[in-house]
Structures are given as C-alpha cells and as structure tokens.
Asks: 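This is the structure, below, for whatever I ask next.
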Amino acid sequence: MTPLLVIGVPALPVAAARPIALTPSERKRLKTMAYGHKTEHRIRQRARVVLLAARGRPNARIARESGLHLDTVRTWRGRGCLGCRARLLPG
C-alpha cells in the first residue's frame with residue numbers, strides 16, 4: 001500500500017538523514033564550541049546541531065528543539081557529516 005497525502009496524491013519518499021560518527025576528539029572540540037561562553041552564537045548553534053545529529057536525533061526534532069529552520073539543520077548536518085571543524089566555521 002502506498003502512503004497517501006490528505007489530497008490523495010502519493011507521497012514522495014523521504015531520504016533518511018545522514019548518520020554522523022564523531023571521534024572522541026571531534027566530540028570534545030564540538031562540545032567546547034557548542035557550550036563555550038566566548039564562542040560566537042552562530043558557531044555555537046552549528047556545533048549543537050552536529051552534536052544532536054551525532055546522537056541520532058532526526059532533523060525535524062533538532063529544528064524544533066533549537067528553534068532553527070529545518071533547511072538550516074539539514075545544511076549543518078550535511079557539513080557535520082564530513083567531520084571537519086573548518087566546515088563549521090564561517091567563510
């Protein structure tokens with residue numbers, strides 16, 4: 001049976017969010033960025049998104065809990081999958 005939307009049109013399949021595996025050193029660095037009082041607000045948000053994604057939380061839940069737009073969460077989750085701190089920094 002195919003899933004249907006309210007109007008009766010078949011729903012498009014939704015791609016699963018990429019899982020993120022962090023090394024202990026990456027996790028420690030991201031925690032420092034996410035909870036540091038001297039860290040820029042936008043960098044703290046990005047680091048928190050990656051940390052929550054690494055815990056296996058879905059994008060919609062991360063967006064709801066953090067107050068960010070779903071597309072923003074998708075972007076930073078995708079960049080966090082690369083495991084590169086430079087991608088979290090602006091520029």
Side-chain angles (χ1 to χ4, degrees):
M1 182 167 182
T2 60
L4 298 176
L5 295 176
V6 176
I7 57 175
V9 178
L12 296 174
V14 177
R18 293 183 191 178
I20 296 180
L22 298 174
T23 64
S25 63
E26 288 172 331
R27 185 176 302 279
K28 182 178 179 182
R29 192 173 338 126
L30 284 169
K31 280 185 178 181
T32 301
M33 291 169 60
Y35 301 109
H37 296 288
K38 295 185 178 184
T39 306
E40 260 184 82
H41 178 70
R42 62 185 175 167
I43 295 174
R44 277 200 323 242
Q45 284 183 322
R46 294 170 188 176
R48 285 181 186 154
V49 166
V50 175
L51 284 170
L52 290 171
R55 291 183 190 157
R57 297 214 178 137
N59 291 340
R61 182 173 173 190
I62 295 171
R64 216 175 23 253
E65 290 176 357
S66 63
L68 297 172
H69 193 276
L70 183 59
D71 290 338
T72 304
V73 172
R74 285 184 188 131
T75 299
W76 289 111
R77 182 183 198 123
R79 292 180 186 180
C81 286
L82 301 174
C84 178
R85 180 177 180 222
R87 289 281 188 155
L88 294 174
L89 298 176

Asks: In Å and rounded to the nearest 0.5 Å, what is the CG to CD1 distance from Leu51 to Ile62?
Replies: 10.0 Å

Asks: Taking all heavy atoms of Glu26 and all of Leu22, pick out the closest pair and write down the distance.
Replies: OE1-CA, 3.5 Å

Asks: Between atom CZ of Arg42 and atom CZ of Arg46, what is the distance when rounded to the nearest 0.5 Å?
Replies: 5.5 Å

Asks: Output the distance between atom CZ (Arg77) and atom CG (Leu70), rounded to the nearest 0.5 Å.
Replies: 10.5 Å

Asks: Starting at CZ of Arg44, measure out to NZ of Lys38 and round the result to the nearest 0.5 Å.
Replies: 13.0 Å

Asks: Taking salt bridge (Lys or Arg N to Asp or Glu O under 4.0 Å) as the cut-off, I'd like each qualifying pair that reaches into residues 50-66, sequence neighbours left out, listed once.
Replies: Arg57-Glu65, Arg61-Glu65

Asks: Got a second to check how far Tyr35's OH is from Leu30's CG, nearest 0.5 Å?
Replies: 10.0 Å

Asks: Once rounded to the nearest 0.5 Å, what's the spacing between atom CD1 of Ile20 and atom CZ of Arg27?
Replies: 10.0 Å

Asks: Any idea which heavy atoms bring Leu68 and Val49 closest together, and the distance?
Replies: CD1-CG2, 3.6 Å

